[in-house]
Amino acid sequence: MNRIWLICLCAGLIFAMGNGGPEELNALFMRIGKDTFDFVVPLLCVTCFWNGILNVAKDSGLLHRFERLFHPLLSRLFPDVRNPEALSYIVTNVVVNMFGLGSAETPAGLKAMRLLQEENPKKDTASRPMVTFLVLNTAGVTLFSTSIIAIRAAFHAQDVMGFLPYAVLATTCASIVGLLVDRWWNYRG
């Protein structure tokens with residue numbers, strides 16, 4: 001696969017050199033670098049801000065309160081999980097996912113998956129709780145998508161938050177359907 005990408009890259013560069021010349025190609029690289037920088041800096045700032053808020057929520061015990069709030073639902077979704085720390089990381093992942101912070105939820109998701117793997121009797125196959133967590137993480141309900149709002153603001157969208165009701169509806173439907181299929185699949189076999 002690496003060779004295919006290398007061939008495509010070389011063919012694209014040769015084509016660009018033949019049609020636009022080195023000056024045009026150099027200007028394109030400089031413009032892409034500036035656009036990337038202008039895109040990444042606001043997104044990085046938003047992610048850092050929400051990671052700080054997440055740490056404050058964790059230190060203040062707010063995440064623990066969310067865990068108690070979500071405990072009845074989690075005990076039904078994850079009846080096989082015995083490690084309370086794994087459930088705590090699952091709650092953290094779900095709550096952060098609700099705010100649309102994909103990069104901030106990743107560490108909690110990885111820790112939850114590692115703890116779920118420790119309880120897994122078949123180490124080469126995903127366990128039932130692991131699959132359920134993956135479905136919940138992938139299709140998770142997003143109430144306030146801060147990453148997309150930051151991207152839309154960086155590109156000067158006219159209505160930065162206009163997509164939000166549709167995002168909430170889409171992620172809620174995806175979560176419900178995903179969990180229903182997960183439950184059906186687990187109880188079927």
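Considering every non-hydrogen atom in both Thr92 and Ala108, the closest pair reads CG2-CB, 3.8 Å. Ala112 and Ile90 make their closest contact through CB-CG1, 3.8 Å (heavy atoms, listed as atom of the first residue, atom of the second, distance). Nearest heavy atom pair, residue Met161 against residue Ile149, reads CG-CD1, 4.0 Å. Heavy atoms only, all atoms of each residue included: Thr125 and Asn120 are closest at O-ND2, 2.6 Å.
Under the ring pair (Phe, Tyr, Trp, His ring centres under 6.0 Å) criterion, Phe70 pairs with no residue, sequence neighbours left out. Partners of Arg3 by side chain to side chain contact (heavy atoms under 4.5 Å, CB included), not counting sequence neighbours: none found. With sequence neighbours excluded, the residues that form a side chain to side chain donor-acceptor pair (under 3.5 Å) with Glu118 are Arg114. Evaluation of the side chain to side chain donor-acceptor pair (under 3.5 Å) rule for Glu85 yields no partner, not counting sequence neighbours.
Cluster partners of Trp5, by chain and number: Met1, Ile4. The rule joins Ile, Leu, Val, Met, Phe, Trp and Tyr whenever side-chain heavy atoms lie under 4.5 Å apart. Taking a 4.5 Å side-chain heavy-atom cut-off between Ile, Leu, Val, Met, Phe, Trp and Tyr, the cluster of Ile176 extends to Leu180. Clustering of Ile, Leu, Val, Met, Phe, Trp and Tyr side chains at separations under 4.5 Å places Val181 together with Val177. The hydrophobic cluster analysis finds Ile14 isolated: no Ile, Leu, Val, Met, Phe, Trp or Tyr side chain comes under 4.5 Å of it, directly or through other members.
No single ILVMFWY cluster, assembled from side-chain heavy atoms under 4.5 Å apart, contains both Leu115 and Phe78. Taking hydrophobic clusters as Ile, Leu, Val, Met, Phe, Trp and Tyr residues chained together by side-chain heavy-atom distances below 4.5 Å, Leu143 shares a cluster with Leu69. Both Phe49 and Leu62 sit in one connected hydrophobic cluster of ILVMFWY residues. Membership requires side-chain heavy atoms under 4.5 Å apart, directly or through other members. Linking Ile, Leu, Val, Met, Phe, Trp and Tyr residues whenever their side-chain heavy atoms come within less than 4.5 Å leaves Tyr89 and Leu116 in two separate clusters. In this structure, Leu73 is a member of the same hydrophobic cluster as Val81, with clusters built from ILVMFWY side-chain heavy atoms closer than 4.5 Å.
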Using atom types as modelled, flag every donor-acceptor pair under 3.5 Å from a side chain in residues 163-174 to any protein atom, sequence neighbours excluded.
residue, atom, partner, partner atom, Å
Thr171, OG1, Thr142, N, 3.0
Thr171, OG1, Ala167, O, 2.8
Thr171, OG1, Val168, O, 3.2
Thr172, OG1, Val168, O, 2.7

Using residues 128-141 as the side-chain source, report each donor-acceptor pair under 3.5 Å to any protein atom, sequence neighbours left out, with the distance given to one decimal.
residue, atom, partner, partner atom, Å
Arg128, NH2, Tyr187, OH, 3.2
Thr132, OG1, Arg128, O, 3.1
Thr132, OG1, Asp182, OD2, 2.7
Thr132, OG1, Arg183, NH2, 2.8
Thr138, OG1, Leu134, O, 2.7

Would you be so kind as to tabulate the donor-acceptor pairs closer than 3.5 Å made by side chains of residues 29-37, with sequence neighbours excluded?
residue, atom, partner, partner atom, Å
Lys34, NZ, Asp38, OD2, 2.6
Thr36, OG1, Ile32, O, 2.7

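Evaluation of the side-chain hydrogen bond (donor to acceptor under 3.5 Å, both in side chains) test over residues 152-163, restricted to residues two or more places apart or in two chains, returns none.
Judged purely by atom type and a 3.5 angstrom limit, Lys123 uses its side chain to pair as donor or acceptor with the backbone of Gln117.
Atom NZ of Lys111 and atom OG of Ser88 lie 10.5 Å apart (nearest 0.5 Å). Going from atom CG of Asn97 over to atom OG of Ser175 covers 8.0 Å, rounded to the nearest 0.5 Å. In this structure, the separation between CG on Asn2 and CG on Leu9 is 12.0 Å, given to the nearest 0.5 Å.
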